[in-house]
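Values below: all heavy atoms of this structure, side chains included; hydrogens, waters and symmetry mates excluded.
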Amino acid sequence: MTAVKRCPRCGLVKAAEAFYRRRGGRRLSPYCLSCTRAASRAALRRRRQDPAAVEDLRAVDRARQRRRRALGQDGEDR
């Protein structure tokens, strides 16, 4: 029998595969994939409205890129 779960945001009952797994791997996220993605898109759009937040996002992305390059994970031969 396929496990099902109800998403509290959209109220639909969906299969367990329609939910992200939490970090421990045993529990499911409370919200379904589509609701989680919609909330993430909305949060990013909201953060992009604030110029200070945009600069913070860019700084985090630059730091992440520097770390990846230093570790050689950018796909280039080093």
Is there a side-chain contact between [X] and [Y] (heavy atoms, below 4.5 Å)?
X     : Y     : result
Leu44 : Leu57 : yes
Cys7  : Phe19 : yes
Arg22 : Arg26 : no

[X] side, atom [atom1]; [Y] side, atom [atom2] - distance, nearest 0.5 Å:
X     : Y     : atom1 : atom2 : result
Arg21 : Leu28 : CZ    : CG    : 5.0 Å
Gln65 : Arg62 : CD    : CZ    : 11.5 Å
Lys5  : Ser29 : NZ    : OG    : 6.5 Å

Show the nearest heavy-atom pair for residues [X] and [Y], with the distance to one decimal.
X     : Y     : result
Cys32 : Lys14 : SG-NZ, 3.2 Å
Ala39 : Arg9  : CB-NH1, 3.5 Å
Tyr20 : Thr36 : CE1-CG2, 3.8 Å

Which is it for Arg64 and Asp61 under the salt bridge (Lys or Arg N to Asp or Glu O under 4.0 Å) test, yes or no, and what are the steps along the way? CA-CA 5 Å; Arg64 185 180 299 128; Asp61 286 340; 3.0 Å; yes
